[in-house]
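Report on one structure; see the data block that follows.
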Amino acid sequence: MTLASGGQATIIRTERGLTISGTRITLYDVMDYRKAHYPSKLIREKLGLNDEQIRLALEYIDTHRAEVEAEYQECLQTAAEIRQYWEERNRERFAKIAAMPPKPGQEALRAKLQAWKARIEAE
């Protein structure tokens with residue numbers, strides 16, 4: 001089903017949700033960058049879109065803000081539930097891996113990894 005039209009690019013509804021035709025890029029992908037305050041040019045580059053596709057996506061999001069925002073929130077909720085499921089399912093395995101002594105010669109690498117994890121958790 002075509003929901004918006006502008007030249008060749010359109011917004012279509014697929015099993016993935018609202019998608020830019022001819023791509024696997026959803027409007028929710030665009031929303032992730034938009035929420036992070038990326039400029040449209042950078043969003044276009046990051047997602048490999050052309051000028052028409054990004055213009056259409058942003059225009060559709062602006063025009064249908066309530067609908068797109070509601071679906072975006074559903075996507076975020078589903079992603080959080082999936083992430084929680086896998087974290088719980090793999091908790092024991094991760095604990096065993098973390099408890100393993102480092103292989104000889106990898107102490108420096110492990111120290112860098114621990115510093116990186118601490119920095120990520122602090123953000």
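Not measured: the values here are computed from a predicted model.
In this structure a side-chain-to-backbone donor-acceptor pair under 3.5 Å is missing from Arg16 to Thr26. Side chain of Tyr33 to backbone of Ser40: no donor-acceptor contact under 3.5 angstrom is found. Checking side-chain atoms of Gln106 against main-chain N and O of Pro104 turns up no donor-acceptor pair under 3.5 Å. Under a 3.5 Å cut-off, the side chain of Asn50 and the backbone N or O of Gln53 do form a donor-acceptor pair. A side-chain donor-acceptor contact under 3.5 Å links Thr19 to the backbone of Gly17.
With no hydrogens or angles considered, a side-chain donor-acceptor pair links Gln84 and Glu88 at under 3.5 Å. Tyr38 and Asp32 are not linked by any side-chain donor-acceptor pair at a separation below 3.5 angstrom, with hydrogens and angles left out of the test.
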task: Just do the salt bridge (Lys or Arg N to Asp or Glu O under 4.0 Å) check on Arg55 and Glu52 with the steps written out, would you?
output: CA-CA 5 Å; Arg55 182 199 59 75; Glu52 174 67 9; 2.8 Å; yes
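Expressed to the nearest 0.5 Å, how far CD1 of Ile97 lies from CZ of Phe94 amounts to 6.5 Å. The line from OG1 of Thr10 to CG of Leu56 is 7.0 Å long, rounded to the nearest 0.5 Å.
Closest of all the heavy-atom pairs between Tyr28 and Tyr72 is O-CE1, 3.5 Å. Heavy-atom minimum distance, Met100 versus Arg110: O-NH2, 3.6 Å. Closest approach of Ser21 to Ile12, counting heavy atoms only: CA-CD1, 4.1 Å. Residues Glu107 and Lys103 share a closest heavy-atom pair of OE2-O, 4.0 Å. The two residues Ile43 and Arg34 come nearest to each other via the heavy atoms CD1-N, 4.1 Å.
Within a 6.0 Å radius of CZ in Arg93, other residues, nucleotides and ligands contribute 12 heavy atoms or fewer. No more than 12 heavy atoms of other residues, nucleotides or ligands lie within 6.0 Å of CD in Glu92, so this atom counts as exposed by the packing criterion.
Under a 4.0 Å N-O distance rule, the pair Lys46/Asp29 does not qualify as a salt bridge.
The cluster map of Ile, Leu, Val, Met, Phe, Trp and Tyr, joined by side-chain heavy atoms under 4.5 Å apart, puts Ile82 and Leu76 in different clusters.
Residue Glu67 is tested with Arg65, Glu71, Glu69 for a side chain to side chain contact (heavy atoms under 4.5 Å, CB included); the sole match is Glu71. Under the side chain to side chain contact (heavy atoms under 4.5 Å, CB included) rule, Ile20 has a single partner from Ile54, Leu27, Leu47, which is Leu27.
A 4.5 Å side-chain heavy-atom check between Leu18 and His64 finds every atom pair outside the cut-off.
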